2 protein chains.
Amino acid sequence: MQAQKDAVQLLKHAGLRVTPQREAILQFLLDYDGHATVDDIYTSLQDRFPSMSVSTVYNTVKQLSQVGLVKEIGVGDGASRFDINVEPHHHLVCTRCGALFDFYLEEPIHLSVPPEAEGFEIEDYHVEVRGVCPRCKKQQVS
Amino acid sequence: MQAQKDAVQLLKHAGLRVTPQREAILQFLLDYDGHATVDDIYTSLQDRFPSMSVSTVYNTVKQLSQVGLVKEIGVGDGASRFDINVEPHHHLVCTRCGALFDFYLEEPIHLSVPPEAEGFEIEDYHVEVRGVCPRCKKQQVS
DNA sequence: GACCTAGATGAGAACGATTCTTAAATAAGA
DNA sequence: TCTTATTTAAGAATCGTTCTCATCTAGGTC
């Protein structure tokens with residue numbers, strides 16, 4: 001009840017219409033521990049919304065991300081993931097299994113904009129660290 | 001002649017068979033000023049290799065990147081881009097037009113691996129800075 | 001130079017993620 | 001309750017990429 005109200009309030013405050021589908025999708029992301037793909041959301045809500053289409057999930061997460069309620073993270077080549085953690089943070093990606101971990105930088109990056117991009121207006125940045133996660137490291141025989 | 005020899009030598013040293021298609025693709029990347037997509041390569045070589053298939057381009061760039069002759073950079077959602085600059089470097093991406101600029105970090109990043117990823121073995125990392133390039137900034141009225 | 005074989009190519013089918021299209025359904029203000 | 005601008009469902013369409021497989025060829029061997 002509590003949590004359900006949250007999703008509704010968040011949608012209202014964001015100026016989005018409250019529909020059952022949106023509420024469920026946002027709620028799912030609020031409860032989900034990790035970085036969900038559209039397919040995660042879609043299949044998880046199949047029971048409650050058997051007739052919901054994938055387009056609806058795409059539309060919804062796009063809107064949620066436009067109003068800043070979720071953050072889209074596109075690492076590597078696979079499907080985009082959606083993160084309820086909208087604070088600026090970065091990711092470790094396992095090149096073996098695709099697992100994703102959040103991390104925070106100890107201090108902001110320092111970069112020198114090259115001459116040909118003089119005047120580039122930085123909006124934000126994302127660091128993608130690639131490597132082998134502890135789980136996969138354990139599994140490899142070497 | 002000079003440049004052409006380079007591509008051949010690079011392929012040989014990498015232990016790859018030298019085929020006309022590979023030579024042309026690598027040469028194209030050597031000459032190309034920027035970050036080419038598979039489609040850039042494919043369409044640019046249509047004249048010289050009318051019967052070359054996209055698969056060949058995909059196969060070739062994949063191999064070139066496996067032997068370290070080029071670097072694949074996948075920013076945002078669109079097509080992967082291939083970069084003859086294999087030094088560790090990072091990218092500015094224009095969120096309006098998709099333009100891509102290289103940049104270098106003044107100093108390496110410092111990160112604290114989160115507890116749940118304890119033992120993560122870092123292979124490399126890539127910083128994607130998003131914003132508005134000078135050209136697009138000029139064009140927007142505001 | 002001719003021969004052999006692992007490896008490369010071309011053509012198109014297949015695939016996965018995402019977007020588009022359209023008609024029907026509905027949230028939310030009047 | 002009525003109205004209208006939004007949202008939805010369903011599936012077609014699109015885009016980038018991979019796969020399949022029959023044919024071809026680079027490059028070592030004789």
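Treat the numbers as computed from the prediction; the structure is a model and nothing was measured. Chain letters run A, B, ... following the sequence lines, proteins first and then strands; every chain starts at 1.
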(message) In whole Å, I'd like the distance from the CD1 atom of A:Ile25 to the P atom of D:dT8.
(response) 7 Å
(message) Taking the basic N atoms (NZ, or NE/NH1/NH2) and the acidic carboxylate oxygens, is any pair closer than 4.0 Å for B:Glu23 and B:Arg17?
(response) no
(request) Provide the closest heavy-atom pair for A:Asp40 versus A:His35 in the form atom of the first, atom of the second, distance. (result) OD2-O, 4.2 Å
(request) Quickly work out the A:Asp39 CG to C:dT18 P distance and round it to whole Å. (result) 10 Å
(request) Find the distance A:Lys62:NZ to C:dT19:P and express it as a whole number of Å. (result) 5 Å
(request) For C:dG10, take OP1 and OP2 only and decide whether either is under 4.0 Å from a side-chain N or O of B:Thr56. (result) yes
(message) Please tell me if A:Ser53 has a side-chain N or O lying less than 4.0 Å from either OP1 or OP2 of D:dG11.
(response) no
(request) Take the protein atom CG of A:Asp77 and the nucleotide atom P of D:dT18, then report the distance between them rounded to whole Å. (result) 7 Å
(request) Using atom CG of B:Leu11 as one end and atom P of C:dG7 as the other, report the distance to the nearest whole Å. (result) 17 Å
(request) May I ask you to check whether A:His90 and B:Tyr125 place their ring centers less than 6.0 Å from one another? (result) no
(message) Tell me the interatomic distance from A:Tyr58, atom OH, to D:dC15, atom P, rounded to whole angstroms.
(response) 16 Å
(request) Round to the nearest Å and state the distance from A:Leu16 atom CG to C:dT26 atom C1'. (result) 16 Å
(message) So B:Ser51, base contact, sugar-phosphate only, or nothing? Heavy-atom distance under 4.0 Å.
(response) sugar-phosphate
(request) Check every strand shown and say whether A:Ser55 touches a base, only sugar-phosphate, or nothing at a heavy-atom separation below 4.0 Å. (result) base
(request) Go through D:dA26, D:dT17, C:dT9 for me and flag the one nearest to the B:Thr60 side chain. (result) C:dT9
(request) Using the closest heavy atom to pick a nucleotide of DNA chain D for each, name whichever of B:Val38 or A:Gln21 lands nearer the 5' end. (result) A:Gln21
(message) Any base atoms under 4.0 Å from B:Thr37, or only sugar-phosphate, or nothing? Heavy atoms, all strands.
(response) nothing
(request) For A:Val54, answer base if it contacts any base atom (sugar-phosphate contacts may also be present), sugar-phosphate if it contacts only those atoms, and nothing otherwise; contact means non-hydrogen atoms under 4.0 Å. (result) nothing
(message) Under 4.0 Å between a side-chain nitrogen and a carboxylate oxygen: does that hold for A:Arg130 and B:Glu121?
(response) no
(request) Please evaluate the base of C:dA8 for a donor-acceptor partner in the side chain of B:Arg22 within a cut-off of under 3.5 Å? (result) no
(request) Provide, to the nearest angstrom, the distance between the NZ atom belonging to B:Lys12 and the P atom belonging to D:dG27. (result) 7 Å
(request) Report yes or no: does B:Thr56 contribute a side-chain atom to a donor-acceptor pair with the main-chain N or O of B:Met52 at less than 3.5 Å? (result) no
(message) OP1 or OP2 of C:dT18 versus the side-chain N and O atoms of A:Ser80: is any pair under 4.0 Å?
(response) yes
(message) Taking the nucleotide of DNA chain D with the nearest heavy atom to each, does B:Asn59 or B:Val18 sit closer to the 5' end?
(response) B:Asn59
